[in-house]
Colleague: 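Before I ask anything, here is the structure I am working with.
Lettering of chains follows the sequences in order, A, B, ..., and the numbering in each one begins at 1.
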Amino acid sequence: MSPTITTIAEIGKHEGQPVTIRGWLYNLRESGKLLFPIFRDGSGQIQGVVPKNAVSPETFDALKGLTQESSVIVEGKVRADKRAPGGYELDVSNVQVLQKVSESDPYPITPKEHGVDFLMEHRHLWIRSPRQAAILRVRAEIIKAARDFFDDRGFTLTDPPILTPAACEGTTTLFPVDYFDEQAYLTQSGQLYIEATAMALGKVYSFGPTFRAEKSKTRRHLTEFWMVEPEVAYATLDDVMELSEGLITFIVKRCLEKRRADLQTIGRDIAKLEKIDMPFPRINYDEAVKMLQEGFAKGALENKFEWGGDLGSPDETYLSALFERPLMIHRYPAKVKAFYMEPDPQRPDLALCVDVLAPEGYGEIIGGSQRMASHELLLQRIHEHGLPEEAFKWYLDLRKFGSVPHGGFGMGIERAVAWIGGLEHVRETIPFPRTLHRLYP
RNA sequence: UCCUCAGUAGCUCAAUGGCAGAGCAUCCGGCUGUUAACCGGAGGGUUGUAGGUUCGAGUCCUACCUGAGGAGCCA
């Protein structure tokens with residue numbers, strides 16, 4: 001009978017026992033009649049130890065000539081060893097090679113360094129690297145945490161359509177799709193639709209992909225990215241801000257609890273994440289402008305910020321660097337924000353909106369607002385923005401049949417992963433990133 | 001769309017206008033505790049493409065292609 005099948009992550013439970021692991025050869029070091037194969041199985045890595053006189057000649061020879069990423073089923077005995085990074089080593093007794101990678105066409109990603117373009121071209125293989133696997137586990141944890149957060153608070157998941165008949169917001173560029181000879185577009189936000197489901201179910205959220213055909217070429221942009229968007233009936237801007245900081249705090253704490261080892265693999269400065277707690281600092285747009293102008297006076301910013309404009313990327317970086325927790329900036333001028341935002345009753349030139357900026361220069365990870373409740377004003381705004389009234393007929397209906405104050409926000413998953421993982425670029429936060437110049441693999 | 005930078009071996013990079021090289025990967029050999037192991041050897045090139053200047057171009061000039069970083073826009 002072959003030994004118990006287990007995973008490398010669970011191998012500590014089998015100390016002193018024979019086990020079978022099924023995976024791939026990550027690397028092989030050899031020292032004369034002693035082999036040190038490192039195996040990986042998706043859950044982790046473990047080093048095997050193979051003295052020539054401890055195994056059959058066939059097993060030794062099979063391992064000795066094995067190439068990187070060859071698939072193997074390995075039997076061996078688990079042994080605790082202080083020298084091992086994971087705490088355990090495997091005294092290999094037998095190896096079954098399912099496929100040996102050809103020497104004439106070896107695995108392209110070597111243990112040495114590679115350039116971004118090469119790695120992106122081999123993204124389907126790059127994700128096998130320990131760091132990339134750790135990032136994807138952190139991503140999965142963030143998504144699960146976000147869903148748990150809403151599920152535990154009485155929210156209902158209501159997924160909006162991906163194919164839409166018209167622009168949600170009209171400002172950004174959309175990917176056109178031929179829909180049986182009709183012009184359709186890939187969604188750029190589910191928000192308008194979940195405003196409808198919020199009127200049906202009270203507290204709702206959506207989680208899904210969104211598409212922006214913007215020619216953005218920065219470390220913060222993908223053309224296809226995932227958003228979590230909650231929407232709550234009867235919510236005010238204050239409710240939206242509370243929900244935002246609650247969600248972010250919950251996610252960070254969950255990652256520290258469950259994915260600490262992965263964060264360490266990625267090289268994250270965990271002390272910075274441990275400082276994340278409620279409440280988040282809140283400043284309004286007027287205060288932000290004052291701080292930016294002070295920053296310019298001190299020479300920390302290149303351009304003098306004038307009241308009335310939207311915050312640029314360098315502005316956001318400057319402001320968020322002043323705080324250790326995510327920064328909430330609320331009540332921007334209405335004219336730089338989306339048409340559907342409720343005006344501030346105290347100052348109708350301002351919108352009841354909030355942007356949440358992650359610390360350490362990661363910029364905006366959440367954008368939210370209280371939505372406009374008045375049918376008359378919404379119709380006026382649609383006209384002012386030159387949007388086709390016909391396309392928004394259903395959206396206007398929400399203001400005809402029992403309109404209530406309501407609000408919500410969208411959180412970009414990839415930006416959240418980039419911040420929590422301390423990553424340079426969002427392209428590493430999703431299995432197969434889509435950017436301006438990247439559609440393969 | 002604009003600005004900046006880059007493209008040389010499978011990969012990462014070097015080469016004053018003067019014989020195109022190193023490390024890794026692959027192959028051969030050595031080593032019983034290696035940690036991106038190490039040591040010795042071998043094979044591996046249309047220098048992104050097309051023109052031009054020059055006795056001579058990887059190097060200088062022009063155009064184009066591809067990519068990266070940033071701006072704008074945004075999550």
Side-chain angles (χ1 to χ4, degrees), chain A residues 26-38 45-54 60 65 67-69 79 81-86 89 91 101-122 125-126 129-131 169 171-173 188-191 209-229 244 302-303 309-317 336-338 355-358 362-368 409-419 424-427 429-430 435-438:
Chain A
Y26 178 69
N27 197 6
L28 176 69
R29 286 185 285 266
E30 55 174 301
S31 178
K33 295 177 179 63
L34 188 59
L35 305 179
F36 297 101
I38 298 176
Q45 289 185 19
I46 191 166
Q47 174 167 279
V49 183
V50 192
K52 186 165 189 176
N53 57 16
F60 190 84
T67 38
Q68 202 187 346
E69 286 301 313
R79 176 171 44 77
D81 194 307
K82 286 196 290 287
R83 290 168 292 190
E89 290 190 335
D91 289 324
V101 173
S102 166
E103 289 102 347
S104 62
D105 189 14
Y107 187 70
I109 301 178
T110 69
K112 290 279 178 179
E113 53 192 281
H114 299 282
V116 169
D117 190 44
F118 176 80
L119 289 169
M120 290 305 304
E121 198 68 13
H122 295 84
L125 303 175
W126 187 22
S129 305
R131 176 185 159 86
E169 302 179 20
T171 52
T172 45
T173 324
Q188 60 178 344
S189 166
Q191 185 211 308
T210 48
F211 307 86
R212 308 259 168 112
E214 296 156 0
K215 303 219 167 171
S216 300
K217 229 172 104 57
T218 80
R219 67 186 66 193
R220 299 179 305 279
H221 288 88
L222 298 170
T223 53
E224 177 183 312
F225 65 97
W226 290 65
M227 275 207 292
V228 170
E229 296 176 277
S244 300
E302 276 186 33
N303 298 309
D310 202 357
L311 269 58
S313 208
D315 305 318
E316 291 188 353
T317 301
V336 302
K337 288 291 178 180
D355 282 357
V356 183
L357 311 185
Y362 280 91
E364 184 180 352
I365 55 170
I366 279 180
F409 63 82
M411 182 180 81
I413 292 294
E414 288 75 18
R415 287 189 181 174
V417 178
W419 164 51
E424 281 293 304
H425 202 297
V426 290
R427 68 184 157 219
T429 65
I430 185 168
T435 64
L436 185 53
H437 298 295
R438 175 64 57 189

Colleague: Looking at every strand, decide which applies to A:Phe118 at a 4.0 Å heavy-atom threshold: base, sugar-phosphate, or nothing.
Modeller: sugar-phosphate
Colleague: Assuming nearest nucleotide by heavy-atom distance, tell me which of A:Thr435 and A:Pro108 is located more 5' along RNA chain B.
Modeller: A:Pro108
Colleague: I need the CG-C1' distance between A:Leu119 and B:G67, as an integer number of Å.
Modeller: 14 Å
Colleague: Indicate, with a heavy-atom threshold strictly under 4.0 Å, whether A:Arg427 touches base, sugar-phosphate, or nothing.
Modeller: sugar-phosphate
Colleague: Quick one: A:Tyr362 OH to B:C74 P, roughly how many Å, whole number?
Modeller: 23 Å
Colleague: For the C1' atoms, the ones on B:A63 and on B:U53, what distance do you get once it is rounded to whole angstrom?
Modeller: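 Straight-line distance between the two C1' atoms is 15 Å.
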Colleague: Paired with B:G56 by Watson-Crick or G-U wobble geometry, both distances under 3.5 Å: which nucleotide is it?
Modeller: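 Pairing partner, where one exists within any strand: none, as none qualifies.
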Colleague: Restricting to side-chain contact (heavy atoms from CB on, under 4.5 Å), what partner residues turn up for A:Glu316, sequence neighbours left out?
Modeller: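 Counting only residues at least two positions away or on another chain, A:Glu316 forms a side-chain contact (heavy atoms from CB on, under 4.5 Å) with A:Leu311, A:Leu357, A:Glu364.
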Colleague: Ignoring hydrogens, what is the shortest heavy-atom contact between A:Gly367 and A:Asp355? Give both atom names and the distance.
Modeller: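 Heavy atoms of A:Gly367 and A:Asp355 come nearest at CA-OD1, 3.8 Å.
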Colleague: Report the residues that fulfil salt bridge (charged side-chain N to carboxylate O under 4.0 Å, His left out) with A:Glu414, sequence neighbours left out, ordered by chain and then residue number.
Modeller: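 Once residues adjacent in sequence are excluded, the partners of A:Glu414 under the salt bridge (charged side-chain N to carboxylate O under 4.0 Å, His left out) criterion are A:Arg139.
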Colleague: Just say parallel, tilted or perpendicular for the rings of A:Phe118 and A:His114, cut-offs at 30° and 60°.
Modeller: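 Plane angle under 30°, so parallel.
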Colleague: If you assign each of A:Arg415 and A:Val116 to its closest nucleotide in RNA chain B, which residue comes earlier from the 5' end?
Modeller: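 Result of the comparison: A:Val116.
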Colleague: What is the pairing partner of B:C74, taking Watson-Crick or G-U wobble pairs with both distances under 3.5 Å in any strand?
Modeller: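 B:C74 is unpaired by these criteria.
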Colleague: Going 5' to 3' along nucleotides 23-38 of chain B, which nucleotides have protein heavy atoms under 4.0 Å from the base (write B), which only from the sugar-phosphate (write S), and which from neither (write -)?
Modeller: -SSSS---BBBBBBB-
Colleague: Take atom P in B:U59 and the same atom in B:A9, then report the distance between them in whole Å.
Modeller: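 To the nearest whole Å, 15 Å.
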Colleague: Suppose we screen for side-chain contact (heavy atoms from CB on, under 4.5 Å). Which residues come up paired with A:Lys217, at least two apart in sequence or across chains?
Modeller: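 For A:Lys217 the side-chain contact (heavy atoms from CB on, under 4.5 Å) partners, ignoring immediate neighbours, are A:Leu436, A:His437.
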Colleague: If the condition is salt bridge (charged side-chain N to carboxylate O under 4.0 Å, His left out), which residues does A:Arg29 pass it with, not counting sequence neighbours?
Modeller: none
Colleague: Holding to side chain to side chain donor-acceptor pair (under 3.5 Å), I want the full list of residues that pass it with A:Glu89, two or more places apart in sequence or in another chain.
Modeller: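 Expected list: A:Gln47, A:Arg79.
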Colleague: A:Asp117: what forms a side chain to side chain donor-acceptor pair (under 3.5 Å) with it, not counting sequence neighbours?
Modeller: A:Arg438
Colleague: Could you state the atom-to-atom distance from NE2 of A:His114 to P of B:A9 in whole Å?
Modeller: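 Going from A:His114 (NE2) to B:A9 (P), I get 15 Å.
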Colleague: Under the side-chain contact (heavy atoms from CB on, under 4.5 Å) test, which residues partner A:Lys52, sequence neighbours left out?
Modeller: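 Per chain and number, A:Lys52 pairs via side-chain contact (heavy atoms from CB on, under 4.5 Å) with A:Lys33, A:Phe60.
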Colleague: Provide the Watson-Crick or G-U wobble partner of B:U8, both distances under 3.5 Å; none if there is no partner.
Modeller: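 Looking at the geometry, B:U8 pairs with no nucleotide.
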Colleague: I'd like a table of atom pairs between the protein and nucleotides 70-72 of chain B - only N or O on both sides, under 3.5 Å - with the distance next to each one.
Modeller:
| residue | atom | partner | partner atom | Å |
| --- | --- | --- | --- | --- |
| B:G70 | OP1 | A:Arg219 | NE | 2.1 |
| B:G70 | OP1 | A:Arg219 | NH2 | 2.8 |
| B:G70 | OP2 | A:Arg219 | N | 2.8 |
| B:G70 | N7 | A:Lys217 | O | 3.1 |
| B:A71 | OP1 | A:Ser313 | OG | 3.4 |
| B:A71 | OP2 | A:Arg220 | NH2 | 3.2 |
| B:G72 | O6 | A:Ser216 | OG | 3.3 |
| B:G72 | N1 | A:Lys215 | O | 3.3 |

Colleague: With both distances under 3.5 Å as the test, what is the Watson-Crick or G-U wobble partner of B:A50?
Modeller: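 Base-paired to B:U62.
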Colleague: Using side-chain contact (heavy atoms from CB on, under 4.5 Å) as the criterion, list what pairs up with A:Ser216, not counting sequence neighbours.
Modeller: A:Glu214, A:His221
Colleague: By side chain to side chain donor-acceptor pair (under 3.5 Å), which residues pair with A:Thr223, not counting sequence neighbours?
Modeller: none
Colleague: Quick test: give all pairs of protein nitrogen or oxygen and nucleotides 43-48 of chain B nitrogen or oxygen below 3.5 Å, distance rounded to 0.1 Å.
Modeller:
none

Colleague: Could you give the distance from CE (A:Met227) to CD1 (A:Ile365), rounded to the nearest 0.5 Å?
Modeller: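 A:Met227 CE to A:Ile365 CD1: 13.5 Å, rounded to 0.5 Å.
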Colleague: Quick one: label A:Ile413 by what it contacts on the DNA or RNA (base, sugar-phosphate, nothing), any heavy atom closer than 4.0 Å.
Modeller: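 Counting heavy atoms under 4.0 Å across all strands, no contact is made by A:Ile413.
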Colleague: Does B:A15 have a Watson-Crick or wobble partner in any strand here, with both distances under 3.5 angstrom, and which is it?
Modeller: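 With both distances under 3.5 Å required, B:A15 matches none.
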Colleague: Could you give the CG-to-P distance, from A:Asp117 to B:G7, as a whole number of Å?
Modeller: 13 Å
Colleague: Quickly work out the A:Glu316 CD to B:A75 P distance and round it to whole Å.
Modeller: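 To the nearest whole Å, that distance equals 10 Å.
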Colleague: Could you identify the nucleotide paired to B:G40, looking across every strand shown and requiring Watson-Crick or G-U wobble geometry with both distances under 3.5 Å?
Modeller: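 B:C28 - that is the nucleotide pairing with B:G40, both distances being under 3.5 Å.
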